[in-house]
Amino acid sequence: MDALAVIVASGGMLAGVSPLGTALTTARAAQRAAALPTGSDRVVVANDADRGGRQAAGRVYELLTRHGLDPRAAALPGGLDPTATLTMHGPAVLMSRLTGAEPMGRQLLDQALRGRDLTWLEDRVAAARIAAGVIVHPPPSTWER
C-alpha cells in the first residue's frame with residue numbers, strides 16, 4: 001500500500017517500491033540501482049515514522065550506498081507511514097515530504113548523536129566513530145562538497 005501511495009500522490013511521476021520492512025537485501029538494492037535512469041543515483045526512502053522504521057534506516061542506508069546510490073530520507077509525520085500520510089493529510093503533504101527529503105546520512109548522524117554529551121574526550125571519540133560509520137558508506141562522488 002505504501003508503494004501505491006507514492007505513485008498516487010505523485011500522479012505517477014515517482015515509482016513507489018516497498019521492500020516490506022527488513023526484506024531489502026543486497027540483491028534487491030542492486031535491482032533498485034539498476035532500475036534508475038542513467039546518471040541517476042538518488043532514491044527517497046520513506047520508512048515508517050516509528051522506532052522500527054528508524055532502526056531499519058541504517059541497514060537500508062548501508063545497502064543502498066553499497067550500490068552507489070545517494071539515498072534521501074523523507075520525514076513523515078510522527079507515527080505515520082506513506083499510506084497513512086496520504087490518507088490523513090492528502091497527496092500534497094506526502095509529495096512535499098518526498099520531494100523535500102534530506103540526505104539520509106545526515107539524518108542518521110543527527111539521530112545517532114542527538115543528546116550525546118561531548119564534554120569528555122572518550123565521548124567525542126565514540127561520537128567520531130559513529131559518524132565515521134555513516135560517512136564511509138556512500139561513494140565519494142555522492143559526498144556534498
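Because only heavy atoms are used, hydrogens play no part in the values below, and waters and symmetry mates are left out as well, while side chains stay in. Keep in mind that this is a model prediction, so the values were computed, not measured.
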Using side chain to side chain contact (heavy atoms under 4.5 Å, CB included), reason through Val44 and Met104 one step at a time and then give a plain yes or no.
CA-CA 9 Å; Val44 177; Met104 195 172 197; over 6 Å; no
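Summarising the geometry, atom CD belonging to Gln111 is positioned 15.0 Å from atom CZ belonging to Arg106; distances are rounded to the nearest 0.5 Å. With rounding to the nearest 0.5 Å, the separation of CG in Leu4 from CG in Leu86 is 10.0 Å. Between the CG atom in Asp117 and the CG atom in Asp123 there is a gap of 5.5 Å [rounded to 0.5 Å].
Listed here is the closest heavy atom pair of Ala127 and Leu118: CB-CD2, 3.7 Å. Across all non-hydrogen atoms, the minimal contact from Tyr61 to Gly105 is CE1-N, 3.5 Å. What you find for Leu98 and Ala74 is that their closest heavy atoms are CD2-CB, 4.0 Å. Of all the heavy atoms in His137 and Thr65, the pair that sits closest is CB-OG1, 3.2 Å. Of all non-hydrogen atoms in Gly133 and Val136, the two that sit nearest each other are O-CG2, 3.9 Å. Residues Leu94 and Pro82 come closest through the heavy atom pair CD2-O, 3.7 Å.
The hydrophobic cluster containing Ile135 also contains Leu108, counting ILVMFWY residues as joined when their side-chain heavy atoms lie under 4.5 angstrom apart, directly or transitively. Val134 and Leu113 fall into different hydrophobic clusters, where Ile, Leu, Val, Met, Phe, Trp and Tyr residues are linked whenever their side-chain heavy atoms come under 4.5 Å apart, directly or through other members. Transitive grouping of hydrophobic side chains (ILVMFWY, heavy atoms separated by less than 4.5 Å) keeps Met1 and Val93 in distinct clusters.
In this structure, Leu69 and Leu63 have side chains that are not in contact, with every pair of non-hydrogen atoms separated by 4.5 Å or more. For the pair His89 and Leu80, the minimum side-chain heavy-atom distance is below 4.5 Å. Side-chain contact between Val43 and Leu64 is present, with at least one heavy-atom pair separated by less than 4.5 Å. Contact annotation: the side chain of Arg72 never approaches that of Glu102 to less than 4.5 Å [non-hydrogen atoms, C-beta and beyond].
Donor-acceptor pairing under 3.5 Å is recorded for the side chains of Arg66 and Thr26.
Remark: the backbone N or O of Arg124 is not paired with any side-chain donor or acceptor of Arg129 at under 3.5 angstrom. At least one donor-acceptor pair closer than 3.5 Å links the side chain of Thr83 to the backbone N or O of Asp2.
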